[in-house]
Undergrad: 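Let me give you the structure first, and then I'll get to my questions.
Convention: sequence-line order gives letters A, B, ...; per-chain numbering from 1. Note that these values count all heavy atoms, side chains included, but never hydrogens, waters or copies made by symmetry.
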Amino acid sequence: MPMEKTFNAAEAEARISAQWIEGKAGRAGAHAKPGRPAFSIMIPPPNVTGSLHMGHAFNNTLQDILVRWHRMQGDDTLWQPGTDHAGIATQMVTEREMALHQEPTRREMGREKFLERVWQQKVKSRGTIIGQLQRLGASCDWDREAFTMSGAPGAPAGEAGNFHDAVIKVFVDMYNKGLIYRGKRLVNWDPHFETAISDLEVENIEVAGHMWHFKYELAGGETYDYVEKDEDGNVTFREKRNYISIATTRPETMLGDGAVAVHPSDTRYAPIVGKMVKLPLCDRLIPIIADEYPDPNFGSGAVKITGAHDFNDYAVAKRNNLPCYRLMDTRGRMRDDGAAYEVAVARAREIAAGSPTTESEVDSLNLVPTKYRGMDRFEARKAVIADINAIGLAVTVMIRETDPETGSEHLRLEPVVESKPIMQPFGDRSKVVIEPMLTDQWFVDTAKIVEPALEAVRTGRVKIIPESGEKTYYHWLENIEPWCISRQLWWGHQIPVWTAMVPSLKGEVGSWRIGVGSEIPLGEAAQFLRENAYDEKALGGQLTRAGLLTMQFCAASAEDAQKQIAKVWIDRTGAAPSNLVEVNAEPSEWPQFLHDTPNKGGDIPFWRDPDVLDTWFSSGLWPIGTLGWPEQTPELEKYFPTSVLVTGQDILFFWVARMMMMQLAVVEDIPFHTVYLHGLVRDAKGKKMSKSLGNVIDPLEIIDEYGADALRFANAAMASLGGVLKLDTQRIAGYRNFGTKLWNACRFAEMNGVWEGHATRAAPPSPQATANKWIIGETAKARVEVDAALADFRFDQAADALYKFVWGKVCDWYVEFAKPLFDGDQADETRATMAWVLDQCMILLHPFTPFITEELWATTGTRAGMLVHADWPTYGTELIDTEADREMTWVTGLIDEIRSARAQVHVPVGLKLDMLATAMDAQARAAWTRNEALIKRLARVESLTDASSAPKGAIAIAAEGASFAIPLEGIIDIGAEKARLQKALEKLEKEISGLSGRLSNPKFIESAKEEVVDEARANLEARSDEAAKVRAAMARLAELG
RNA sequence: GGGCGGUUAGCUCAGCGGUAGAGCACUACGUUGACAUCGUAGUGGCCACUGGUUCGAUCCCAGUACCGCCCACCA
């Protein structure tokens, strides 16, 4: 059956994809050859939130190119597929979906039911994603598909796996090494999702904000001389004041102020440092303190300090031992819990007066005045501003107003409100304003594990491409902050830490209250207990049964935790706890357990931390986790560290840096040798693709319209290093055409019986015809170029080389040369050559355009196997015949010249011309003779005869070693020919003047490299030669008039 | 405020010491033994600006302007 005119992508892709999958073409180690190295890539696991977008298509195309390339070379290749549970994003998507279908809310459902629901979402999205990857042609090992939450408790059937175990083990190990700790810290709190998030999940966006100025009055009616001076110390302003002026962009937080801070060097406030001010709207006094933080040149130079709601203020509060009063609940509303305001504020005054307290007590005190309780934070802001204005404590300016009716002037005081852009933090998922919130969270002590990650890149053990990525990497890691890894979500790996009641040792009670209200970070306490608890002397030598305390146990399972708990009980009391019961408790309920125990009904409660881990904690273990760690599997042995990580530069910190730190911390090895970072895919205009802009391009739509190969080739061609990748469908269409071009070259071959009698064509033939010799050399050049480009991750250069070779060399020239050759004596060797060359095109293009090449492979011969497992060629320059190369350059150059001249002089395309050779050296003559049929056909020349000189009215053609003339009196457009020659001459003269200018400069001769000088001389000679010929032709033309 | 990158043909981008290339778009011609998802020929560039290094700079260096991106606590 003859080939169709075009490749039917829609039909063939589905069929071929199924063949690859069923034949396990991407199986780990498929087509591996002895003695070849391993090559492995871990897919950046897509989130199970929906479907893949163009960025994924791009990213996975590059991976597949590398994987197919290595597999064909015989490397033991693994491309590990899988998906990421993406805690916050997936929980969000699922809840959105639930709302859409009027299902019960998450809280109504309860944790267990909700998790079942999310698993459904996971299954659905996973199916979509895997289907998309397969449509793209991704040759992953589908039998190894992984999921970052596989094997988690509650996973439905079919979701078994060991990733969860690996994550838990790492947590436990890192905990035991003191790399993970729990602590009450100010974290970024997302009031929408009601969870802590890491610094990286916060987007700082500039918004139009306001700054309000309030007066805080000195206590006891005191006053002071407020004096401003200029740089020279001259007094510029003096006033008796009874207040200090503060500025704020967040007035509602003033309710939780713990102090007003001024810079120690600020002479304006020196008289009142240490004095107390009355906190407006609150029945509290707060001190004026001196701290380095305030900038005396900004605003009034005095800063209100709200330790619980601002990162800077928190640092100041810590330094100065100020209480941090939390004002908001988890939803960002003003607190409405705890004791009545009067009671709370009374206690706050006691604390301020020196009454001993604990961090947990301070946290439990609700100092939001009754009026504001329960208000949304932005409502509270308005209310606070209004109330401050009402009591006259806003800083005001005097405004002169003219009454429009009476025309009378009067003065009015107006509060100072500056409008200014401020950087406001938003949750990257929720898009709501992030609230700094003082909560108990788990942290990775990144400072302790960062150094090996930095070192690995500094020493070149891990290479980041492009290099600029390394700088960014250093910059972030060198300034790394503790990583908050706990999330108050339900979907994720639950933190493997249990809290249990254990008997307290003497002296422990009061000082060792661990859990809510702990004085010591839990990690430290636990470590201390591990180190000291069994040494009775260290803890006073005696057990007391008087009390119980909470102790935390980090364990891989509840059973392990129970064993640990029992051991502590045995060590302390000599007996295991009678009735250890696991209870479910939210953190807010923990204090109840603390107070209701001991021994309520004889049960000893223990409970698990309800929080889950940050998604990136688990995806940070992707390389080892997917290979079966902690078991020492053969795959781990073989494929780890992985070869390359291909990922977007936007997740360098989120993922790449964390994988580096975690792998090095856990298995003391790098996760990958090379990191290839690519830019973000944008639309044709460079705009970010977003649903709201409506410019999202669905990769499946592109594949439907142009085929997967076209998308893939476009992706490869776009993959230049750095910057934004603008995706243009016109370009994709162009590469679809490229596929068609190859298809039709094969179709031409088929029509000419090229495949017949050339079933085996693994080795290049040894033809006689120059054109055949030449194309073999061109093929070798292409192979060398493609390999070099891919070795450097220059997908664009590889794609470019292939495009130029297949279209520019094979189709434009070689197929045309073959036409006359098929009619001659060398028809058979030409068939053999073309069969081989087209095979090479398929092989070399296969990593880029796997579908069409696989289809052609099957169509054009009887093959031992599929193209996906064909051998990648290794031939190189030895296949280049320099003589043939030179000759064909001469031939194609001559054809170009004749065609160009014909077109410009408006010779009818169909007209075959007689040509004269006015000069021809031996080499030129030989070249002509050997390729006469080719030149005649492509240049539409009827005959060539020798002539002593060019006749009048002829167009002149110059070639190396030869001059030709085409007599066209009466046919040619003399004006056009004159113009053509004039233009050619101008160009030549420009070149000549440049060259001779250089050559006449003695310094050039002296300093330039010899070969450069020689080249310039040769060029000058050649150009001068040509120019002479052109001038002669112009002279002849002039005679014609 | 700090860091990184960019500025080359109408558009999207390569090139990166010897005075410029591709694809698309555009123009003209074209049913030549595969291909109109095509062919042939062409038009189109003070390589952002200003200095410097060099025999020679789009390329190296410094500065300027503009544009991106990332990071950052100025209340």
Undergrad: Which nucleotide in the set B/G15, B/A75, B/C55 lies at the smallest distance from any side-chain heavy atom of A/Phe1004?
TA: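 Given the options B/G15, B/A75, B/C55, the side chain of A/Phe1004 is closest to B/C55.
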Undergrad: Between B/C71, B/U37, B/A75, which nucleotide gets closest to the side-chain atoms of A/Asn737?
TA: B/U37
Undergrad: Holding to ring pair (Phe, Tyr, Trp, His ring centres under 6.0 Å), I want the full list of residues that pass it with A/Phe805, two or more places apart in sequence or in another chain.
TA: none
Undergrad: With sequence neighbours left out, write down each residue that passes salt bridge (Lys or Arg N to Asp or Glu O under 4.0 Å) with A/Arg899, or none if nothing qualifies.
TA: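 Here no residue qualifies.
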Undergrad: Taking donor-acceptor contacts at under 3.5 Å, does the side chain of A/Arg736 reach the base of B/U37?
TA: yes
Undergrad: Rounded to whole angstrom, note down the P distance from B/A25 over to B/C16.
TA: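 Pairwise P distance, B/A25 against B/C16, rounds to 27 Å.
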Undergrad: If you find the nucleotide of RNA chain B closest to A/Ser1007 and the one closest to A/Val303, which residue's nucleotide is nearer the 5' end?
TA: A/Ser1007
Undergrad: A side-chain contact here means heavy atoms from C-beta on lying under 4.5 Å apart; do A/Tyr814 and A/Lys809 qualify?
TA: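 When only atoms from C-beta onward are counted, A/Lys809 and A/Tyr814 do not touch, as no gap falls below 4.5 Å.
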Undergrad: Please identify each residue that fulfils ring pair (Phe, Tyr, Trp, His ring centres under 6.0 Å) with A/Phe58, with sequence neighbours left out.
TA: A/His678
Undergrad: Using a cut-off of 4.0 Å on non-hydrogen atoms, how would the nucleic acid contact of A/Gln904 be classed: base, sugar-phosphate, or nothing?
TA: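 Counting heavy atoms under 4.0 Å across all strands, the contact made by A/Gln904 is with sugar-phosphate only.
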Undergrad: Should the side chain of A/Glu816 and the base of B/A34 be counted as holding a donor-acceptor pair, with the cut-off at 3.5 Å?
TA: yes
Undergrad: Give a yes or no on whether A/Glu1010 atom CD has more than 12 heavy-atom contacts from other residues, nucleotides or ligands under 6.0 Å away.
TA: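 No, not enclosed.
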Undergrad: For residues A/Met54 and A/Ile702, determine if any side-chain heavy atom of one lies less than 4.5 Å from a side-chain heavy atom of the other.
TA: yes
Undergrad: Give me the distance, rounded to whole Å, that separates B/C24 from B/U64 when you measure between the P atoms they each carry.
TA: 41 Å
Undergrad: Please identify each residue that fulfils salt bridge (Lys or Arg N to Asp or Glu O under 4.0 Å) with A/Glu203, with sequence neighbours left out.
TA: A/Lys431
Undergrad: Which residue, A/Ala717 or A/Asp896, contacts RNA chain B at a nucleotide closer to its 5' end, judged by nearest heavy atom?
TA: A/Ala717
Undergrad: Which of residues 740-749 of chain A sit near RNA chain B, with a heavy atom under 4.0 Å from it?
TA: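 Heavy-atom cutoff 4.0 Å gives A/Thr740, A/Lys741, A/Asn744, A/Ala745, A/Arg747, A/Phe748.
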Undergrad: Of the listed nucleotides (B/C70, B/A75, B/C35), which one gets closest to any side-chain atom of A/Phe298?
TA: B/A75
Undergrad: Of all residues at least two apart in sequence or in a different chain, which pass the side-chain contact (heavy atoms from CB on, under 4.5 Å) check with A/Lys819?
TA: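 Listed in chain order: A/Phe748, A/Val815, A/Glu816, A/Arg937.
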Undergrad: Could you check which of B/C24, B/A75, B/U37 has an atom nearest any side-chain atom of A/Thr248?
TA: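 The closest nucleotide is B/A75.
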Undergrad: Ignoring hydrogens and geometry beyond distance, is a side-chain donor-acceptor pair present between A/Gln904 and A/Ser900 at under 3.5 Å?
TA: yes
Undergrad: Choosing from B/A34, B/A41, B/U19, which nucleotide comes nearest the side chain of A/Arg998?
TA: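 Ranking B/A34, B/A41, B/U19 by closest atom to the A/Arg998 side chain puts B/U19 first.
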Undergrad: Would you jot down, in residue-number order, the residues of residues 468-480 of chain A having a non-hydrogen atom under 4.0 Å from RNA chain B?
TA: A/Ser468, A/Lys471
Undergrad: Which heavy atom in A/Thr446 sits nearest to a heavy atom in A/Glu481, and how many Å separate them?
TA: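 Shortest heavy-atom contact: OG1-O, 2.8 Å.
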Undergrad: May I ask you to say what A/Pro1002 touches in the nucleic acid, namely base, sugar-phosphate or nothing, with a heavy-atom cut-off under 4.0 Å?
TA: nothing
Undergrad: Looking for any heavy atom pair under 4.0 Å, which part of the strands does A/Trp807 touch: base, sugar-phosphate only, or nothing?
TA: sugar-phosphate
Undergrad: When all nucleic acid strands are considered with a 4.0 Å heavy-atom cut-off, which category describes A/Arg940: base, sugar-phosphate, or nothing?
TA: sugar-phosphate
Undergrad: Heavy atoms only, 4.0 Å cut-off, all strands: where does A/Lys5 land among base, sugar-phosphate and nothing?
TA: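 Sugar-phosphate contact only - A/Lys5 comes under 4.0 Å of backbone atoms but never of a base.
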Undergrad: Taking N and O atoms by type only, does the side chain of A/Lys819 place a donor or acceptor under 3.5 Å from a partner on the base of B/A34?
TA: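 Indeed there is one.
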Undergrad: Please state the C1' separation for the pair B/C13 and B/U7 - nearest whole angstrom.
TA: 13 Å
Undergrad: Which residues in residues 250-264 of chain A have at least one heavy atom lying under 4.0 Å from any atom of RNA chain B?
TA: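 Under 4.0 Å from RNA chain B: no residue of residues 250-264 of chain A.
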Undergrad: Would you say A/Tyr314 and A/Cys324 make side-chain contact, with heavy atoms under 4.5 Å?
TA: yes
Undergrad: Quick one: label A/Gly301 by what it contacts on the DNA or RNA (base, sugar-phosphate, nothing), any heavy atom closer than 4.0 Å.
TA: base
Undergrad: Taking ring pair (Phe, Tyr, Trp, His ring centres under 6.0 Å) as the definition, give me every residue that meets it alongside A/Tyr269, ordered by chain and number, with sequence neighbours left out.
TA: A/Tyr226
Undergrad: Report all side-chain donor-acceptor pairs from residues 297-304 of chain A shorter than 3.5 Å, counting only partners two or more places apart or in another chain.
TA:
| residue | atom | partner | partner atom | Å |
| --- | --- | --- | --- | --- |
| A/Ser300 | OG | A/Ser245 | O | 2.4 |
| A/Ser300 | OG | A/Ala302 | N | 3.2 |
| A/Lys304 | NZ | A/Thr253 | OG1 | 2.6 |
| A/Lys304 | NZ | A/Asp257 | OD1 | 3.2 |
| A/Lys304 | NZ | A/Thr306 | OG1 | 2.9 |

Undergrad: Which range-with-range stems can be found for RNA chain B when each stem has 3 or more Watson-Crick or G-U pairs in a row and both distances sit under 3.5 Å?
TA: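 Counting only runs of 3 or more consecutive pairs, the stems involving RNA chain B are B:1-7 with B:65-71, B:10-13 with B:21-24, B:26-30 with B:38-42, B:48-52 with B:60-64.
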Undergrad: So, is the end of the A/Arg998 side chain (NZ or CZ) under 6.0 Å from the ring centre of A/Phe1004 and within 45° of the ring's axis?
TA: yes
Undergrad: To the side chain of A/Phe653, which of B/C70, B/A14, B/A75 is closest?
TA: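 Shortest atom-to-atom distance from the side chain points to B/C70.
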Undergrad: Only counting residues at least two apart or in another chain, list the ones meeting ring pair (Phe, Tyr, Trp, His ring centres under 6.0 Å) with A/Trp743.
TA: A/Phe7
Undergrad: When we call it a touch if two heavy atoms are under 4.0 Å apart, what does A/Lys420 touch: a base, just sugar-phosphate, or nothing?
TA: sugar-phosphate
Undergrad: Which part of the nucleic acid does A/Asn1001 contact within heavy-atom distance under 4.0 Å: base, sugar-phosphate only, or nothing?
TA: sugar-phosphate
Undergrad: Give me the ring orientation class for A/Tyr676 and A/Phe795: parallel if the planes are under 30° apart, tilted from 30 to 60°, perpendicular past 60°.
TA: perpendicular
